[in-house]
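Below, chain A is the first sequence line, B the second, and so on; all start at residue 1.
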Number of protein chains: 2
Amino acid sequence: MMRRMATEQRGTGTTGRVTIRDIARLAGVSVATVSRVLNDRPDVSPETRDAVMREIRANGFTTNRSARALSVGRTGLVGLTVPIIRADYFAAILAGASEALYEQEMRLVLCTTLHEHDREVSLLERLMDGATDGAIIMLPEESSEELRALQASGYPFVVADPRKPLDHGIPAVSAAHLAGAKAATDHLLGLGHRRIGHITGPRGWAATEDRISGFQASLAAAGVLPDPRLVREGDFEVPSGHVAAGSLLDLDDPPTAIFASNDNMAAGALRAARERGLRVPDDLSVVGFDDAEIAPMVTPPLTTVRQPLAELGRTAVSLLVRLLDGQRVDASRVELGTQLVVRESTAPANS
Amino acid sequence: MMRRMATEQRGTGTTGRVTIRDIARLAGVSVATVSRVLNDRPDVSPETRDAVMREIRANGFTTNRSARALSVGRTGLVGLTVPIIRADYFAAILAGASEALYEQEMRLVLCTTLHEHDREVSLLERLMDGATDGAIIMLPEESSEELRALQASGYPFVVADPRKPLDHGIPAVSAAHLAGAKAATDHLLGLGHRRIGHITGPRGWAATEDRISGFQASLAAAGVLPDPRLVREGDFEVPSGHVAAGSLLDLDDPPTAIFASNDNMAAGALRAARERGLRVPDDLSVVGFDDAEIAPMVTPPLTTVRQPLAELGRTAVSLLVRLLDGQRVDASRVELGTQLVVRESTAPANS
DNA sequence: CTGTTAGCGCATTCAC
DNA sequence: GTGAATGCGCTAACAG
């Protein structure tokens, strides 16, 4: 037999690793007992436990996750899908989720959804092919119906930062876009600005619409009439902010402040102002959204609304874990607070 | 028995999914045959293949990866460890690796190595507990010896962007730091700068030292005597660049140009210049490294050296795949080219 | 407290 | 071309 070399040599199968059986034999107990100590079961005598642990350590044994997964019916892996956009935005969420998962002894399987929405393979198939116990779906392109279907299939998942408004009943975590936008606008209003431009994200996105609502709510509360000509649509990328701000500033009666729906576009706005010889914040105030990595780095450092991105990832995990534990999470719509971060891109209106 | 409901209802085990056995029964063939069509084996008649495929589709069957993994001895998962620093830097590599893996039908398991280097659980244990077939280790804290040990254990891995110089024989992918730094310095020299400051990364890191070498090589080639007083150590974060540049600019005979070892520190340098009333690039030229997301966003847009980050991730994957296929990769030290990207933070010296 | 016995879902020899 | 039998490494009843 090849048994005697199991410790040193490639053992029985293809894996070539020490198995629970080896440990059992070495420790002079049954596999069941080894399994017990592995899983910290109470019903094992201290002596045998020690004996087993000794062999485990001596041979550097670790349990084979595939085997355990097959046996238990749980892989200990959760998928996390991300559309590859806005690197530092998703990286932050990723970091939070990954950390939280780690504490649960779980692992994160990254699935990038390039633009495969309309390909033959559905999200569902890709996720639930036995590789993962559940998933966190970031900024999904999928419609409410499609997600409903996924849900109906029994696959546990939670949406992080829903792109479109979602049916109630679909677990989701998002930031308080409306409140954040309101705070940003209030800040501008408080500085005396009355003509405030707004560069939105893609229309139809939940985040975009909520921020618009917050913007308008703030204006309304201050008794300022919203001027439709002061609103431009962007796509969350720098150039769109640049263009949008440019067209705003070239108006006969340009705004004295601009609220951009994210920091990238705010950075674009900063550039547009600079190109026109406008000084920020003296001649123009600019507020962003996200508090991305770049916010403090641009010139001048950007006043913005912080989204708790890592926290968002962590929260998604904890929701998912609850789902995985079979707890039917009812109040599964979590909204995380946002916070205004005042830096140097805003100042009192000077007219 | 509970067999009859297997298709609709939670079947036998905990998973509740359609199994290969269900398909076999439904199609009136054996599991072996189903397995054959699943794996695109040639020895199956077209008719039976069709029959099987029909049932597979009709029931939305997908193979259970855990079961396959256990059977085949391969999980189809590779781990990717990342120290959580410099978000967009690792995000870029991540994106490349993830994409490449996807094309190989493999998945990426993210493992964040907070600062667990000195914890009881070794990288080895964490990675090879049967969860993954191999790993890509980014910017490892582990020493060459530790990595050697991992290698000796037979666990396949490749290092992406080695932090410290690595033994030959350890597969690694990195960027051409030296050449990139040389190109950056050549550029400055070409603009007439002679007093050039350099803000380094953490001393001892491979990237840092290589860039210093490139910097010095360029100077030497131009016959410029290197001035040790013009070199400052940073840590790749903005504040360190800010401080370092400040101290450089406060010199009696300040440099007319600064080459920072990454874009973050270059951004810090930009700020330091601004605080002193220096205009970039008129009074001071600044060059960064990385071509990070922020490079084009700061004021002025940064001249920098582009690292092919996504490509780095992809290359790491292809190396790893070769290792997994049992091909002993010999020439396993890959260095990817870097490229100077000239923007607006550099101009001819004006003295 | 501990050992025996069955599977988990799939791939893989072998026969037929 | 196809089926029956076996095992991958582990957990989970069920006995004792």
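Remark: P of C:dG7 and CG of B:Asn64 are 18 Å apart, rounded to the nearest angstrom. The distance between atom CG of A:Asp43 and atom P of D:dG16, rounded to the nearest whole Å, is 18 Å. The CD1 atom of A:Ile23 sits 13 Å away from the C1' atom of D:dC10 (whole-angstrom rounding). Taking atom CG on A:Asn59 and atom C1' on D:dG9, their separation rounds to 16 Å, with Å as the unit. One can place CZ of A:Arg65 at 19 Å from P of C:dG9, the figure rounded to the nearest angstrom. D:dC10 atom C1' lies 13 Å from atom CD1 of A:Ile56, rounded to whole Å. Atom CG in B:Asp22 sits roughly 13 Å away from atom C1' in C:dC8 (whole-Å rounding). As a whole-Å value, the separation of B:Arg49 CZ from D:dT2 C1' is 13 Å.
Contact of the B:Arg68 side chain with the B:Asn39 side chain is registered, since non-hydrogen atoms from C-beta on lie closer than 4.5 Å. Side-chain contact between A:Leu323 and A:Pro171 is present, with heavy atoms from C-beta onward closer than 4.5 Å. For the pair B:Met138 and B:Ile93, the minimum side-chain heavy-atom distance is below 4.5 Å.
Between the side chains of A:Asp161 and A:Ser174, no donor N or O sits under 3.5 Å from an acceptor N or O. Using modelled atom types and a 3.5 Å distance limit, the side chains of B:Thr48 and B:Ser45 yield a donor-acceptor pair.
Ion pair A:Arg148/A:Glu145 not flagged as a salt bridge, since none of the NZ, NE, NH1 or NH2 atoms sits closer than 4.0 Å to an Asp/Glu carboxylate oxygen.
Picking from C:dT2, D:dT2, D:dT11 the nucleotide with the shortest atom distance to the side chain of B:Ser45 gives D:dT2.
In terms of heavy atoms, B:Arg314 sits closest to B:Ala100 at CG-CB, 3.7 Å.
Residue B:Arg41 is classed as a sugar-phosphate contact, given heavy-atom separations below 4.0 Å to backbone atoms only.
Only A:Val29, A:Ser30, A:Ala32, A:Thr33, A:Arg36, listed by number, bring a heavy atom of residues 29-39 of chain A to less than 4.0 angstrom from any atom of DNA chain C.
Applying the 4.0 Å criterion to OP1 and OP2 of D:dC8, one finds that A:Arg21 has a side-chain N or O inside that range. Residue A:Thr48 places at least one side-chain N or O closer than 4.0 Å to OP1 or OP2 of C:dT2.
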